[in-house]
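Written out below as structure tokens is the structure these notes cover.
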Amino acid sequence: GRRSATSGTDTDRFVSKVGDLPTFEKQKQRGGGGGDCEDTASEHSQGTHVSGVSEMVDTMQSKEQKQQAKAVVKEFVKGMVKGRKMDVMAPSGSLWSCTVSISRNLDALRIKADSKTQNIPLKTVDEIHAGTDVEGIETPLDELCATLMLTTENCITFRLNDINDRDTFVMCLLMFCNNQK
């Protein structure tokens, strides 16, 4: 008997709130009641939404970025084929001014210091490191350094004018080196 009575009242209660119970619970989750629940839920849904948007933005930007990158590379090549004054950092940390140029085929770097010229075929460049993140060398690097690790187990560190210059140098050389492999 007791069972039917409770099921009766439960059913009544359930029926009476069936319209607003779900909305009420959702509001409670969104409002103060289930604050934690709500945060994770909304962050999650926003996250998905935002990543979708950023992917769209990425594809929209990539055309512009590619054009920009092409312009940057073109400018870099123009300057490097002519030869540009750059600083090479010695293992002691002292800077040597030299003229660095790239071959017209974009397959070798030429470094002129005083009367000496050194050619570095890009296919001998094993790795290119930006900044201080280089293991196994004694050169006191800073953020403006770009270090070429060669297959001959030598390395050469250039110190550039600013971060943009360094990034452009590293990006372009990486591209040219990858083309040689």
Side-chain angles (χ1 to χ4, degrees), residues 39 42-114 116-181:
D39 285 349
S42 80
E43 267 175 37
H44 189 69
S45 63
Q46 268 181 343
T48 324
H49 183 65
V50 168
S51 76
V53 167
S54 68
E55 279 162 27
M56 277 168 49
V57 171
D58 283 350
T59 50
M60 281 166 20
Q61 278 185 342
S62 66
K63 279 181 192 166
E64 275 175 46
Q65 281 175 335
K66 279 177 191 158
Q67 284 171 340
Q68 256 181 330
K70 270 185 190 166
V72 167
V73 171
K74 200 172 170 182
E75 204 54 38
F76 176 81
V77 169
K78 222 160 72 175
M80 287 296 284
V81 168
K82 284 181 190 160
R84 62 180 265 203
K85 286 254 180 265
M86 286 179 79
D87 288 327
V88 170
M89 190 182 272
S92 64
S94 58
L95 293 174
W96 300 49
S97 183
C98 59
T99 304
V100 181
S101 57
I102 196 163
S103 62
R104 288 196 177 278
N105 301 335
L106 308 179
D107 61 358
L109 278 183
R110 186 170 298 120
I111 301 165
K112 274 188 201 159
D114 300 327
K116 293 183 200 142
T117 302
Q118 184 184 359
N119 278 325
I120 301 174
L122 292 185
K123 61 173 176 273
T124 65
V125 176
D126 210 15
E127 297 170 29
I128 302 176
H129 295 277
T132 57
D133 190 25
V134 186
E135 284 176 23
I137 69 168
E138 287 152 31
T139 314
L141 304 171
D142 64 25
E143 281 307 307
L144 299 177
C145 289
T147 304
L148 310 185
M149 307 297 274
L150 307 178
T151 50
T152 57
E153 296 192 9
N154 291 341
C155 70
I156 182 161
T157 298
F158 296 98
R159 188 165 190 280
L160 293 117
N161 303 327
D162 56 48
I163 292 288
N164 269 348
D165 198 18
R166 182 207 72 184
D167 287 348
T168 302
F169 182 78
V170 169
M171 178 190 79
C172 292
L173 277 190
L174 266 174
M175 273 180 9
F176 304 152
C177 289
N178 287 337
N179 288 341
Q180 297 305 309
K181 292 186 172 152

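Quick note: residue numbers are just sequence positions, from 1.
- Atom-to-atom distance recorded for Ile156:CD1 and Met89:CE is 12.0 Å, nearest 0.5 angstrom.
- Rounded to the nearest 0.5 angstrom, Phe169 CZ and Cys145 SG are separated by 11.0 Å.
- Of the possible polar contacts, none joining the Ser101 side chain to the Gly83 backbone as a donor-acceptor pair under 3.5 Å is found.
- Within the 4.5 Å cutoff, the side chain of Ile111 has heavy atoms near those of the Phe158 side chain.
- Between the side chain of Ser97 and the backbone N or O of Asp87, no donor-acceptor pair lies under 3.5 Å.
- Rounding to the nearest 0.5 Å gives a distance of 10.0 Å between CG of Leu174 and CD of Glu127.
- Checked for salt-bridge contact, Lys123 and Asp107 miss the test: no charged N lies under 4.0 Å from a carboxylate O.
- Atom-to-atom distance recorded for Leu148:CG and Leu109:CG is 6.5 Å, nearest 0.5 angstrom.
- The shortest side-chain heavy-atom distance between Asp126 and Glu153 does not fall under the 4.5 Å cut-off.
- Shortest non-hydrogen contact noted between Cys98 and Lys112 is CB-O, 3.0 Å.
- In this structure, Asn161 and Leu144 approach most closely via the heavy-atom pair O-CD1, 3.8 Å.
- Asn154 CG: more than 12 foreign heavy atoms inside a 6.0 Å radius.
- Interatomic distance, CZ of Phe176 versus CZ of Phe76, reported as 6.0 Å (0.5 Å rounding).
- The structure places OG1 of Thr124 at 12.5 Å from CE of Met149, a figure rounded to the nearest 0.5 Å.
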Quick one, Ile102 with Arg110, criterion side chain to side chain contact (heavy atoms under 4.5 Å, CB included). Give me CA distance, side-chain angles, the key distance, then yes/no. CA-CA 6 Å; Ile102 196 163; Arg110 186 170 298 120; over 6 Å; no
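- Residues Pro140 and Ala90 share a closest heavy-atom pair of CD-O, 4.4 Å.
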Evaluate the side chain to side chain contact (heavy atoms under 4.5 Å, CB included) criterion for residues Glu143 and Arg166: first the C-alpha distance (whole Å), next the side-chain angles of each, then the deciding distance (0.1 Å), finally the verdict. CA-CA 9 Å; Glu143 281 307 307; Arg166 182 207 72 184; 3.5 Å; yes
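- Heavy-atom minimum distance, Ala146 versus Val170: CB-CG2, 3.7 Å.
- Taking all atoms of both residues into account, the shortest heavy-atom contact from Gln180 to Leu106 is NE2-O, 3.5 Å.
- Under a cut-off of 6.0 angstrom, the local environment of CD in Glu75 is sparse, with at most 12 non-hydrogen atoms contributed by other residues, nucleotides or ligands.
- Residues Val125 and Ile120 meet the side-chain proximity criterion, which asks for heavy atoms closer than 4.5 Å.
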For a side chain to side chain contact (heavy atoms under 4.5 Å, CB included) check, start with the C-alpha distance between Met175 and Leu173, then their side-chain angles and the critical distance, and finish with the verdict. CA-CA 5 Å; Met175 273 180 9; Leu173 277 190; over 6 Å; no
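- Remark: the backbone N or O of Leu141 is not paired with any side-chain donor or acceptor of Thr139 at under 3.5 angstrom.
- In this structure, the side chain of Asp114 does not engage the main chain of Lys116 through any donor-acceptor pair within 3.5 Å.
- Counting heavy atoms of neighbouring residues, nucleotides and ligands inside a 6.0 Å radius, atom CG of Asn178 exceeds 12 of them.
- Not counting sequence neighbours, the partners of Thr99 by the side chain to side chain donor-acceptor pair (under 3.5 Å) test are Lys85.
- Between the side chain of Arg84 and the backbone N or O of Val100 there is no donor-acceptor pair closer than 3.5 Å.
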